[in-house]
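None of the values given here were measured: they were computed from a predicted structure.
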Amino acid sequence: MSDTLQIDIDAILAAKAGKKARYVPRFLVSYLKKIVHQDEVNAFLLANKDKRDLEFIDEFMKYFNNTFEVSGIENLPAEGRFTFVSNHPLGAQDGLGLAHILGPVYKGRIKFLVNDLLMNIPHISSFWVPINKTGKQARNFPQQVNAAFESDNHIVMFPAGLCSRKRKGVVRDLEWKKTFITKSVQTKRDVVPIHFEGENSKFFYRLANINHMLGIKFNIAMLYLSDEMFKNKNKKFKVTIGKPIPWQTFDKSKSALEWAQEVKEMVYSL
């Protein structure tokens with residue numbers, strides 16, 4: 001790989017499948033390149049190879065022509081350190097959108113707890129804290145989370161972990177994990193709820209549901225997130241920021257998991 005990050009499906013298949021990669025039908029390889037938009041993504045990365053952090057995110061927003069209608073900006077606290085939690089309807093524009101909104105306010109002092117795959121994008125890696133519950137890094141998971149919450153950075157999380165799913169015609173997150181509650185209480189961080197309005201395509205939700213019904217462990221829908229990113233080109237998204245919830249709110253009257261679902265409901269009521 002050169003100094004400029006480029007997506008190479010052929011190289012990825014060779015690395016993952018070894019000699020067996022030669023048996024992957026070429027039409028399937030071509031299809032994979034199409035759904036990840038290999039040529040367009042590589043052209044964008046090449047054009048912005050020297051951009052980093054908020055500057056790179058600004059270029060992303062210009063390229064995809066995404067804008068945001070933000071309500072409740074006055075609820076963003078000026079002093080202290082906080083945990084920002086949001087629903088996760090999309091896959092790219094919601095994460096980068098929150099960085100685009102919160103980053104300038106806090107002079108880039110934000111960290112997203114994300115799957116470590118995103119760390120492979122060097123342009124914005126300074127914003128990511130890699131969390132991986134599987135594989136070689138699993139043993140470091142608690143330390144990585146603790147270090148993030150103990151730092152002076154603001155933490156931004158999608159507590160569902162996965163993008164929202166469409167069940168019975170309604171797009172909503174699955175169950176929220178309790179980590180943001182336990183760690184916010186432990187480090188005395190107030191929690192700021194954020195609602196991000198948006199949807200992926202019907203195809204994405206159908207595929208995710210089929211994946212779930214068949215009990216397939218690999219998240220097939222994840223392969224299409226790049227395609228969904230391009231489908232969300234030229235769109236405006238509504239973002240609503242709620243008032244900070246004092247960390248003392250999360251007392252022993254409910255379990256941490258129950259509090260997490262209550263904050264989730266607060267987000268959807270914004």
Side-chain angles (χ1 to χ4, degrees), residues 82-99 102 110-121 124-125 127-149 153-167 170-186 189 191-200 204-205 207-226 228-229 232 239 250 255-268:
F82 299 85
T83 303
F84 297 88
V85 293
S86 172
N87 60 314
H88 196 13
L90 306 175
Q93 275 89 347
D94 44 5
L96 295 180
L98 291 183
L102 299 174
I110 56 174
K111 294 288 185 181
F112 286 72
L113 268 64
V114 297
N115 185 287
D116 65 341
L117 289 174
L118 288 176
M119 291 297 290
N120 293 320
I121 305 177
I124 46 178
S125 60
F127 288 140
W128 310 136
V129 174
I131 54 174
N132 191 359
K133 293 184 178 181
T134 60
K136 296 180 180 179
Q137 293 187 2
R139 69 184 67 179
N140 297 323
F141 174 69
Q143 293 90 333
Q144 291 167 330
V145 174
N146 287 339
F149 275 90
N153 294 299
H154 299 290
I155 303 300
V156 187
M157 294 183 69
F158 296 110
L162 297 172
C163 294
S164 302
R165 298 297 190 249
K166 193 170 190 176
R167 303 282 166 81
V170 178
V171 176
R172 278 177 71 92
D173 280 1
L174 301 178
E175 181 181 75
W176 277 22
K177 308 299 186 297
K178 65 181 181 180
T179 302
F180 79 95
I181 295 289
T182 57
K183 294 304 177 184
S184 294
V185 170
Q186 181 181 321
R189 291 172 175 264
V191 173
V192 182
I194 299 176
H195 182 263
F196 199 106
E197 191 174 283
E199 290 189 13
N200 282 321
F204 176 85
Y205 295 122
L207 183 62
N209 287 337
I210 291 171
N211 199 147
H212 173 71
M213 286 188 293
L214 294 178
I216 301 173
K217 292 184 178 181
F218 178 72
N219 184 5
I220 298 174
M222 184 175 64
L223 293 174
Y224 288 83
L225 285 178
S226 180
E228 295 298 319
M229 178 175 71
N232 280 312
V239 180
F250 310 118
S255 70
L257 187 60
E258 288 172 334
W259 277 122
Q261 307 325 307
E262 185 152 323
V263 176
K264 175 186 173 184
E265 293 306 317
M266 291 181 188
V267 162
Y268 280 101

Q: Hey, does Leu162 have a side-chain heavy atom less than 4.5 Å from the side chain of His88?
A: no
Q: Answer whether the closest heavy-atom distance between the side chains of Trp259 and Val185 falls below 4.5 Å.
A: no
Q: Is any side-chain heavy atom of Val129 less than 4.5 Å from a side-chain heavy atom of Asn153?
A: no
Q: Quick one: do the Arg172 and Asn87 side chains pair a donor with an acceptor below 3.5 Å?
A: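 Judged by distance alone, the side chains do not pair up.
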Q: Under a 4.5 Å cut-off applied to non-hydrogen side-chain atoms, are Asn232 and Asn200 in contact?
A: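 Asn232 reaches Asn200 side chain to side chain.
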Q: Step by step, work out the side-chain contact (heavy atoms from CB on, under 4.5 Å) result for His212 and Arg167.
A: CA-CA 11 Å; His212 173 71; Arg167 303 282 166 81; 3.9 Å; yes
Q: Could you give the distance from CE (Met229) to OH (Tyr224), rounded to the nearest 0.5 Å?
A: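 Here the interatomic distance stands at 15.5 Å.
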Q: Can you name the nearest heavy-atom pair linking Phe84 to Ile194, along with the distance?
A: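 It is CD2-CD1, 4.0 Å.
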Q: Using every non-hydrogen atom in the two residues, find where Leu257 and Trp176 come nearest and quote the distance to one decimal.
A: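 Taking Leu257 first and Trp176 second, the nearest heavy atoms are CD1-O, 3.5 Å.
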Q: What's the shortest heavy-atom distance between Gly91 and Leu225, and which atoms?
A: CA-CD2, 4.3 Å
Q: Count the heavy atoms belonging to other residues, nucleotides or ligands that lie under 6.0 Å from NZ of Lys178, then report whether that count exceeds 12.
A: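 Open.
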Q: Just verifying a value: how many Å separate Met157 CE and Phe149 CZ, rounded to the nearest 0.5 Å?
A: 5.0 Å
Q: For Glu199, which residues count as a salt bridge (Lys or Arg N to Asp or Glu O under 4.0 Å) partner, sequence neighbours excluded?
A: none
Q: Going by side-chain hydrogen bond (donor to acceptor under 3.5 Å, both in side chains), name the pairs with one or both residues in residues 157-166, residues two or more places apart or in two chains.
A: Ser164-Asp173
Q: Grab the two heavy atoms, one from Val267 and one from Pro193, that are nearest each other, plus how far apart they are.
A: CG2-CB, 3.7 Å
Q: Partners of Phe112 by ring-ring contact (aromatic ring centres under 6.0 Å, His included), sequence neighbours excluded?
A: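 Only Trp128 meet the ring-ring contact (aromatic ring centres under 6.0 Å, His included) criterion with Phe112.
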Q: Hey, could you give me the CD/CE distance between Gln261 and Met266, rounded to the nearest 0.5 Å?
A: 12.0 Å
Q: What are the two closest non-hydrogen atoms of Tyr205 and Pro89, and how far apart are they?
A: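 Nearest heavy atoms, Tyr205 then Pro89: OH-O, 3.7 Å.
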Q: Given side chains that start at C-beta, do those of Phe158 and Leu98 come closer than 4.5 Å, heavy atoms only?
A: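 When only atoms from C-beta onward are counted, Leu98 and Phe158 do touch, with a gap below 4.5 Å.
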Q: Over 60° means perpendicular and under 30° means parallel, so classify the ring planes of Tyr268 and His195, tilted if in between.
A: perpendicular
Q: Heavy-atom distance under 4.5 Å between the side chains of Lys183 and Val145, does that happen here?
A: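 A side-chain contact exists here, since the closest heavy-atom pair is under 4.5 Å.
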Q: Find the distance between NZ (Lys111) and OG1 (Thr83) and round it off to the nearest 0.5 Å.
A: 15.0 Å
Q: When rounded to the nearest 0.5 angstrom, what is the spacing between OG1 in Thr179 and CD1 in Ile155?
A: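 So the gap between those two atoms works out to 12.0 Å.
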Q: What pair of heavy atoms forms the shortest contact from Ala148 to Arg189, and how long is it?
A: O-NH2, 3.6 Å
